[in-house]
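First the structure, in the form of structure tokens, and then the observations on it.
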Amino acid sequence: MFGNYIQRFIALILFVVSFFVAGDMTKANLYPEKEITESSTRAEFVFENKTGYRLDIKVKVDSIEREAIEFGKGQWVPVGFRQTYSEGIENYRLYPTEKTTLHIEFVNSKGEEIMLAAGTYRINVSYMTTGYSQNQTGSATFTFNVVADELPSVS
């Protein structure tokens with residue numbers, strides 16, 4: 001009988017602690033909201049919390065790169081971009097299984113929109129999660145594909 005109270009007490013303590021521990025961002029996911037085609041000048045990426053904890057997050061896109069096969073497999077070249085946030089993402093509270101969106105515009109060095117070429121890209125993000133007494137920072141790289149536009153069929 002006394003053991004039952006101890007189990008309940010331990011479960012209660014673990015439950016309370018889970019609200020104050022920063023989540024493990026290796027379990028977060030980032031992916032394009034819809035297929036990105038080579039005529040795209042912007043894209044939305046879904047950031048999904050799969051950590052099992054509430055995340056108080058700050059997510060920043062550090063770079064976007066295109067795999068430049070013309071220079072050899074595994075060679076990456078930078079792609080210009082501008083990041084905008086969903087409402088409140090800079091200081092966003094994201095509960096388990098919740099999602100938010102990062103909006104990206106692809107731009108050249110003059111800030112003008114550019115269209116992407118078909119191929120493989122990678123997006124590098126840095127993040128900070130906030131717990132009651134602990135912050136976690138880190139970065140992650142996610143890959144995505146840009147597909148060629150379909151040519152209209154000629155009858």
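- Ala118 and Ala148 get closest at one heavy-atom pair: CB-N, 3.8 Å.
- For the residue pair His103 and Thr101, the shortest heavy atom distance occurs at CE1-CG2, 3.8 Å.
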With side chain to side chain contact (heavy atoms under 4.5 Å, CB included) as the test, would you mind laying out the steps for Val61 and Ile123 before giving the verdict? CA-CA 7 Å; Val61 176; Ile123 182 169; 3.8 Å; yes

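- Here the side chains of Ile36 and Phe45 are in contact, with some heavy-atom distance below 4.5 Å.
- Rounded to the nearest 0.5 Å, atoms CE (Met115) and CG (Asp149) are 8.5 Å apart.
- Atoms NZ and OG, from Lys34 and Ser40 in turn, are 7.5 Å apart once rounded to the nearest 0.5 Å.
- A heavy-atom distance below 4.5 Å is found between the side chains of Asn124 and Glu65.
- Transitive grouping of hydrophobic side chains (ILVMFWY, heavy atoms separated by less than 4.5 Å) brings Phe81 and Val79 into a common cluster.
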Could you walk me through whether Glu67 and Gln75 satisfy the side chain to side chain contact (heavy atoms under 4.5 Å, CB included) test, starting with their C-alpha distance in whole Å, then the side-chain angles of each, then the deciding distance to 0.1 Å, before giving a yes or no? CA-CA 6 Å; Glu67 187 174 27; Gln75 299 295 314; over 6 Å; no

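- Asn145 places no side-chain N or O within donor-acceptor distance of the main-chain N or O of Val147, the cut-off being under 3.5 Å.
- A donor-acceptor contact shorter than 3.5 Å links the side chain of Asp62 to the backbone of Ser126.
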Phe106/Thr41 under side chain to side chain contact (heavy atoms under 4.5 Å, CB included): CA gap, chis, key distance, verdict: CA-CA 5 Å; Phe106 304 105; Thr41 59; 5.5 Å; no

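- Phe47 CZ to Leu102 CG: the interatomic distance, rounded to the nearest 0.5 Å, is 7.5 Å.
- When ring centroids are compared, Phe144 and Tyr121 come within the 6.0 Å threshold.
- Distance alone, capped at 3.5 Å, places no donor-acceptor pair between the Glu105 side chain and the Arg82 backbone.
- Val125 is not connected to Val107 by any chain of hydrophobic side-chain contacts under 4.5 Å among Ile, Leu, Val, Met, Phe, Trp and Tyr, and they are in different clusters.
- Atom CG of residue Leu30 and atom CD of residue Glu48 lie 10.0 Å apart, to the nearest 0.5 angstrom.
- The side-chain tip of Arg66 does not point at the ring of Trp76 from less than 6.0 angstrom away and within 45° of straight on.
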